Amino acid sequence: MSTEQNYVAVNRQSWNNRTETHLNSDFYDMEGFLSGNNSLNDIELKLLGDVRGKSILHLQCHFGQDSISLSRLGATVTGVDLSDKAIDSARQIAQKLHTDTRFICCDIYDLPNHLDETFDIVYTSYGVIGWLPDLDKWAQVISKFLKPGGQLIFAEFHPVVWMFDDNFESIGYRYFNSGAIVESETGTYADKEASISQDYICWNHGLGEVLNSLLNSGLELKSFDEFDYSPYDCFNKTVEFERKKYRIYHLADKIPMVYALVAEKK
C-alpha cells in the first residue's frame, strides 16, 4: 500500500505525534482552559448562537477543547477525531472538568459504523477538511448526522492561504484539488521550535468544491462570510493587529484567511 493510499494511518500517527506538544504549548494554553477559558472564537460563536440544550456533533475535534467549551455553554456534545492519543487526552480533560462531553475515536468517513443518532448542529473548524480527500463523502456524513432543520456550522482557513509557501512569499500550490500533497515537517503550528517531526498527507479544496459538496448532499446554504485575518497565530510572519486577530504582515488585509458558513439540512 502506498503512502497516499494509507493516508489515514499516516495522519493518525502525525496527530498522535503532535498531541503531547500541543497539550504543553502556549498556543493551546491548557492552564487557562482548565481554569475556565472558552476556546471558541468570535467567528464561530456568532454563528452558533445560544447552544443551551442543543445536541452537537463536533468533527475532527483534536483533544476536545472546543467540544468541552460547547459543553460548558450548555450543549450535549459528541467529539470525533482519528487520533487515539488526542481522544484519550480529551476524555481525561472532560473527566477532570466534570463535563459529560462524549468522545469517539475514528476516521470521520467511518463514523456511521460507530454512531447512530442525529444532532441539532454539526460543528467543525480550522484546518479540518485539508485532511480529507473526498468532500462529497464528508458532506454526506454531515447530512446523515443532522436532524431535519439541523445546521452545519463550519469555520475554516481560506483556500487562498494554502496556495502560498510557508513564509507567504510565493505561490507554491494550486488553489484547486489536484490530489494528495505528501509532506514532512519539523515542529508544529502550535510550537514551531518543538523537537518533533512528522509526515502527513493533505488535500487543497477550493470554495466551489466545498459548497457543491454541501449542496449536493441536501444542505441549503444560509450564510457565507470571508475574513481578512486568522483568529490563531499559527502561520509564519504574522502580526496581531487586534486581540486574537492575526495577518501576514507583508500581505496585511490583501488576502482572505478564513471563511465561515451555515448550511441547513432540508
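Since this is a predicted model, take the numbers as computed values, not measurements.
Side-chain contact check for Thr238 versus Ile248: some heavy-atom pair is nearer than 4.5 Å. Here the side chains of Ser223 and Leu47 are in contact, with some heavy-atom distance below 4.5 Å. Counting heavy atoms from C-beta on, the side chains of Phe63 and Asp88 never come closer than 4.5 Å. Within the 4.5 Å cutoff, the side chain of Ile93 has heavy atoms near those of the Met30 side chain. Using a 4.5 Å heavy-atom cutoff, the side chains of Ser69 and Phe33 are in contact. Residues Pro159 and Leu207 form a side-chain contact, since some pair of their non-hydrogen atoms from C-beta on lies under 4.5 Å apart. Using a 4.5 Å heavy-atom threshold, the side chains of Tyr229 and Glu242 count as separate. For the pair Asp166/Glu185, no side-chain contact is recorded, criterion being any heavy-atom separation below 4.5 Å from C-beta on.
For Glu44 (side chain) and Asn41 (main-chain N/O), a donor-acceptor pair under 3.5 Å exists by modelled atom type. Judged by distance alone, with hydrogens and angles left aside, the side-chain atoms of Asp233 form no donor-acceptor pair with the main-chain N or O of Glu240 at under 3.5 Å. Remark: side-chain polar atoms of Tyr7 are not paired, donor with acceptor, to backbone N or O of Trp131 under 3.5 angstrom. Listed for the Thr124 side chain is no donor-acceptor partner under 3.5 Å among the backbone atoms of Phe154. Ser89 places a side-chain N or O within donor-acceptor distance of the main-chain N or O of Lys85, the cut-off being under 3.5 Å. Side-chain N or O atoms of Arg91 include one that pairs as donor or acceptor with a backbone N or O of Phe103 at under 3.5 Å.
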Open item on the list: Could you walk me through whether Val128 and Leu59 satisfy the side chain to side chain contact (heavy atoms under 4.5 Å, CB included) test, starting with their C-alpha distance in whole Å, then the side-chain angles of each, then the deciding distance to 0.1 Å, before giving a yes or no?
Closed with: CA-CA 8 Å; Val128 286; Leu59 301 179; over 6 Å; no
TODO: Could you give me the CA-CA distance, side-chain angles and deciding distance for Trp15 and Tyr200, then say whether ring-ring contact (aromatic ring centres under 6.0 Å, His included) is met?
DONE: CA-CA 9 Å; Trp15 283 99; Tyr200 60 91; 9.0 Å; no
Task: Evaluation steps, side chain to side chain contact (heavy atoms under 4.5 Å, CB included), between Ile201 and Asn11 - done: CA-CA 7 Å; Ile201 304 172; Asn11 288 340; 4.1 Å; yes
- [ ] List the steps and the verdict of ring-ring contact (aromatic ring centres under 6.0 Å, His included) for Tyr232 and Tyr246.
- [x] CA-CA 7 Å; Tyr232 297 106; Tyr246 301 89; 8.5 Å; no
TODO: Begin from the C-alpha positions of Lys237 and Leu251 and carry the test side chain to side chain contact (heavy atoms under 4.5 Å, CB included) through to its verdict.
DONE: CA-CA 10 Å; Lys237 298 195 172 182; Leu251 296 176; over 6 Å; no
Task: Leu82/Ile108 under side chain to side chain contact (heavy atoms under 4.5 Å, CB included): CA gap, chis, key distance, verdict - done: CA-CA 7 Å; Leu82 88 168; Ile108 67 166; over 6 Å; no
TODO: List the steps and the verdict of side chain to side chain donor-acceptor pair (under 3.5 Å) for Thr101 and Ser71.
DONE: CA-CA 6 Å; Thr101 321; Ser71 291; 2.7 Å; yes
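Following chains of ILVMFWY side-chain contacts shorter than 4.5 Å, one cannot reach Phe224 starting from Leu48, and the two form parts of different hydrophobic clusters. If you chain together hydrophobic residues whose side chains sit under 4.5 Å apart, Leu73 and Ile68 never meet in one group. In this structure, Phe227 is not a member of the same hydrophobic cluster as Leu40, with clusters built from ILVMFWY side-chain heavy atoms closer than 4.5 Å. When hydrophobic clusters are built by joining Ile, Leu, Val, Met, Phe, Trp and Tyr residues whose side-chain heavy atoms come closer than 4.5 Å, directly or via intermediates, Val122 is not grouped with Leu70. Under the 4.5 Å side-chain heavy-atom criterion for ILVMFWY residues, no single connected hydrophobic cluster contains both Ile181 and Trp203.
The two residues Asp134 and Lys137 come nearest to each other via the heavy atoms OD1-N, 3.1 Å. Here the closest non-hydrogen pair linking His114 and Ile104 is CB-CG2, 4.0 Å. The minimum heavy-atom distance between His22 and Ser25, with the atom names listed, is O-OG, 2.7 Å. Annotation for Ser55 and Lys147: closest pair OG-NZ, 4.0 Å, computed over non-hydrogen atoms. Heavy-atom minimum distance, Ser67 versus Gly79: OG-CA, 4.0 Å. Smallest separation of non-hydrogen atoms from Leu34 and Arg72: O-NH2, 4.0 Å.
The ring pair (Phe, Tyr, Trp, His ring centres under 6.0 Å) test with Phe235 singles out one residue from Phe157, Tyr189, Tyr126, and that residue is Phe157.
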Result block: side-chain N/O donor-acceptor pairs under 3.5 angstrom for residues 256-266, not counting sequence neighbours:
residue: Glu264; atom: OE1; partner: Gln151; partner atom: NE2; Å: 3.2
residue: Lys265; atom: NZ; partner: Ser143; partner atom: O; Å: 2.7
residue: Lys265; atom: NZ; partner: Leu146; partner atom: O; Å: 3.1

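Heavy atoms of other residues, nucleotides or ligands lying less than 6.0 angstrom from CG of Asn236 number more than 12. Asp116 CG: 12 or fewer foreign heavy atoms inside a 6.0 Å radius. Other residues, nucleotides and ligands place no more than 12 heavy atoms under 6.0 Å from the CD atom of Gln95. Within 6.0 Å of atom CG in Asp84, more than 12 heavy atoms from other residues, nucleotides or ligands are found, so the atom counts as buried in its surroundings.
By the side chain to side chain contact (heavy atoms under 4.5 Å, CB included) test, Glu193 pairs with Asp191, sequence neighbours left out.
Judged by a 6.0 Å distance limit and a 45° cone about the ring axis, Arg247 is not positioned over the six-membered ring of Phe168.
The CG atom of Leu211 sits 11.5 Å away from the CG atom of Leu219 when rounded to the nearest 0.5 Å. Here the CG atom belonging to Leu57 is positioned 6.5 Å from the CZ atom belonging to Phe145, to the nearest 0.5 angstrom. Summarising the geometry, atom CD belonging to Gln198 is positioned 6.0 Å from atom OG1 belonging to Thr188; distances are rounded to the nearest 0.5 Å. The distance from atom CD1 of Ile255 to atom CE of Met163, rounded to the nearest 0.5 Å, is 9.5 Å. One finds the CG atom of Asn16 at 10.5 Å from the CD1 atom of Ile87 (value rounded to the nearest 0.5 Å). Interatomic distance, Ile129 CD1 to His205 NE2, rounded to the nearest 0.5 Å: 5.5 Å.
The closest side-chain donor-acceptor pair between Tyr123 and Asp66 falls under 3.5 angstrom. The closest side-chain donor-acceptor pair between Asp136 and Ser213, if any, does not fall under 3.5 angstrom.
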